[in-house]
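Following: one structure in structure tokens, then a few remarks.
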There are 2 protein chains.
Amino acid sequence: MAGQNEWTTTKGREQSRITIGDVAEALGISKTTVSRAISGKGRIGEQTRQRVLAYIEENNYRPNPMAQGLAQSKTYNIGWVIPGDSTITDLPFFQRCMIGISEVASKENYDILISMVYDHELEHLRRVVENHKVDGIILGRTLIDDERVRFLKEHDIPFVVIGSSSEPDVIQIDNDHVKACRELTSILIMKGIRRLALIGGDENHVVNQTRRRGFEEAVAEQHLNEDDVFIYMNGETKVDIERSVEEALRNQVECIVTMDDRIGFEVINILKRDGIQIPDQVKLASFYSSDLLESNQPAVTALQYDPKELGVVACRTLFDMMNARQVDEKVLLSYEVALRGSTQ
Amino acid sequence: MAGQNEWTTTKGREQSRITIGDVAEALGISKTTVSRAISGKGRIGEQTRQRVLAYIEENNYRPNPMAQGLAQSKTYNIGWVIPGDSTITDLPFFQRCMIGISEVASKENYDILISMVYDHELEHLRRVVENHKVDGIILGRTLIDDERVRFLKEHDIPFVVIGSSSEPDVIQIDNDHVKACRELTSILIMKGIRRLALIGGDENHVVNQTRRRGFEEAVAEQHLNEDDVFIYMNGETKVDIERSVEEALRNQVECIVTMDDRIGFEVINILKRDGIQIPDQVKLASFYSSDLLESNQPAVTALQYDPKELGVVACRTLFDMMNARQVDEKVLLSYEVALRGSTQ
DNA sequence: TTGAAAGCGCTAACAA
DNA sequence: TTGTTAGCGCTTTCAA
């Protein structure tokens, strides 16, 4: 347990590092030429280019990103900001987004600087931005009134948001929640369901508002009786959800729709506990799917999105912005409705 | 949906940036002096120091980390590597570790470069290391035979591992799993339990091996009959776990011990489904706790660790290494045994 | 206690 | 097509 260990100094390591100057000297050409061979910018003879590339490959030379950064005012990092209060259910979503981001970023030789920031606690975000540690930022979940968004707008750094924002002039990548929720709800109604409840989470999250809107639009379009529809928001704790479920059942709804997988999962547990059969006694659907719901018995009808694709598109868009290309203010990705046993 | 948007060029933004030269000029002193005031290195008059600091504060000047980096061969980034195949149950653990890491790193003006790497797919890790994007690395979960560890050792970059490694000369920060598992197991035995089963996960994870060892040591110390003890490893899927539980029950164990919260949770679901009462018909304990187990009815007896503290210690240790200070090869953090209703 | 000057490794005008 | 020459913004000898 107590072995001691000492480290070579930084200097010791760095000595081994080969620079663009070394390459140039070895090849009897100038640094500029080497630089051009690497970057592809500027004219250069195909022959020299190959020679340089070959040498570089062989001696596995790598440009020093710090030096590149200093010369080009670039960091080769993008910031990935997720909420500090992420729960276990958010995490897999962010993880998959990140896989997409990472994939795109890697191709451009960029890395991901991660930053967890709590609402109203921008300290870390501020550091990253003011220290110019990143060239652009991707923001995870957004709130209705998001300080982070406002902060970034003020600082005039390229950023995109995964999710939707109520703030104007913010580049957003999101799934088409309104349309998706409208479609799923409509399908349920067309299946003959006449009384239904929606149980949702924090009203301050843009996504929850959006889902609610989709639900309500379907209800209106399908001319459902308003008295047959029950909406319970802010289902944060188990107790909240329990109360909502009870009330929904008391109101004899035929189907409970939950806004996300966490709530869906809680509802399942409550129903199981009380011995209420899905879908025989009450049907269940969710506006967001996950393993938890898919592997349930019966599997739960739900909307399916592709978080990784969100990450990919967000990152591409961010690069467009960083390169001063035009981008759409809002991109909406598609979704799938997965009808499963819980609404049979 | 289709608003167009264009971005100011990098140049436009950078113009506003104030440099150490500007500060020096404004104050009528040299860049060197300003640099000294900021870094605290070298002699400098208290008066000038204050004057510089005040000016900097007022005009909120920030040193350009790229330039600092280039001059000092530092990146001011540390790498945080987590397995690409992390599951929903791993994520909260990593998240909390990261909070601890971030806390320590921030104080040293460091940021976190995150990298998800899959087993046998070191590409991204290689990029980060070979491009010298980080000054040191913290590795998340470790495997018995970990390619990442070997890769990092070869590259002679400071790194620490959260968890344990079978590889020699690797700096490790971990909880004292052996002792913890031995203690919990002993307590169970001393409570009078004579037949018990252990259900564990992937045998290739160091942590699972370690937990098993603790369990076995307790069994030996307490002179339990070997025929009364059943160990089932590699409980990856629901089906695996189901089989283990069935077998354990057939063997009439009095208590099931699970290696982590995921398995514990599965066991709970199986027992509930089959109408087997905890703790009346069988007791349950887990070598790793989480919300899932704590909020269960009855709450599950389990070992409690503090992932954030792991992150804190890991990061501090890493800084020690980066500064060529001596560090212990292995640091073991403590734990708590939480006795709850499931073993009453 | 302060400053001048060189240099970190790379890019980009401008010349040739 | 290639090279020369200034920087990028900061640190760090070395000298004053």
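Every chain is numbered from 1 and lettered A, B, ... according to where its sequence line falls, protein lines coming before strand lines.
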Let's go through Ile18(B) and Asn59(B) carefully: what are the C-alpha distance in whole Å and the side-chain angles of both, what is the deciding distance for side chain to side chain contact (heavy atoms under 4.5 Å, CB included) to 0.1 Å, and is it a yes or a no? CA-CA 9 Å; Ile18(B) 153 177; Asn59(B) 301 63; 4.3 Å; yes
Specify the separation, in whole Å, of atom CZ of Arg49(B) and atom P of dT2(C). 12 Å
Distance check needed: dT1(C) P versus Glu46(B) CD, whole Å only. 10 Å
Tell me the interatomic distance from Arg43(A), atom CZ, to dT1(D), atom P, rounded to whole angstroms. 6 Å
Can you name the one residue among Leu27(A), Thr33(A), Ile56(A) that meets side-chain contact (heavy atoms from CB on, under 4.5 Å) with Arg51(A)? Leu27(A)
Would you compute the distance between atom NZ of Lys153(A) and atom CG of Asp156(A) and round it to the nearest 0.5 angstrom? 12.0 Å
Check Arg126(B) with Glu123(B), please: is the shortest side-chain N to carboxylate O separation under 4.0 Å? no
Ignoring hydrogens and angles, are the base of dG3(C) and the side chain of Arg36(B) linked by a donor-acceptor pair under 3.5 Å? yes
Taking OP1 and OP2 of dC10(C), is either one under 4.0 Å from a side-chain nitrogen or oxygen of Tyr76(A)? no
Axis deviation across the helix from dT1(C)-dA16(D) to dA16(C)-dT1(D), five-pair ends, to the nearest 10°: 40°
Listing request: all salt bridge (charged side-chain N to carboxylate O under 4.0 Å, His left out) pairs with a residue in residues 92-116 of chain A, at least two apart in sequence or in separate chains. Glu103(A)-Lys308(A), Asp111(A)-Arg127(B), Asp111(A)-Lys133(B)
Find the distance Ile44(A):CD1 to dT11(C):P and express it as a whole number of Å. 12 Å
Which nucleotide, dG9(C), dT2(D), dT2(C), lies nearest any side-chain atom of Leu70(A)? dG9(C)
Of residues 20-35 of chain B, the positions that come close to DNA chain D - non-hydrogen atoms, cut-off under 4.0 Å: Ile20(B), Lys31(B), Thr32(B), Ser35(B)
Rounded to whole angstroms, how far apart are NZ on Lys41(A) and C1' on dT1(D)? 18 Å
Whole-Å distance between dC10(C) P and Asn64(B) CG? 17 Å
OP1, OP2 of dT11(D) versus side-chain N and O of Gln68(B): anything below 4.0 Å? yes
Sugar-phosphate, base or nothing in reach of Ser39(B), heavy atoms under 4.0 Å: nothing
Could you check, using the six-membered ring where one of them is a Trp, whether Tyr110(B) and Phe319(B) have ring centers closer than 6.0 angstrom? yes
How long is the line joining NZ of Lys74(A) and C1' of dC8(D), in whole Å? 14 Å
Can you check whether Ile78(A) reaches Cys315(A) side chain to side chain, under 4.5 Å on heavy atoms? yes
Tell me yes or no: between the side chains of Lys330(B) and Ser164(B), is some donor less than 3.5 Å from an acceptor? yes
Rounded to the nearest 0.5 Å, how far apart are CD1 of Ile99(A) and CD of Glu309(A)? 13.0 Å
Looking at the side chain of Ala67(A), which of dG9(D), dT1(C), dC10(C) is the nearest nucleotide? dC10(C)
Rounded to the nearest angstrom, tell me the gap between atom CD1 in Ile38(B) and atom C1' in dC10(D). 9 Å
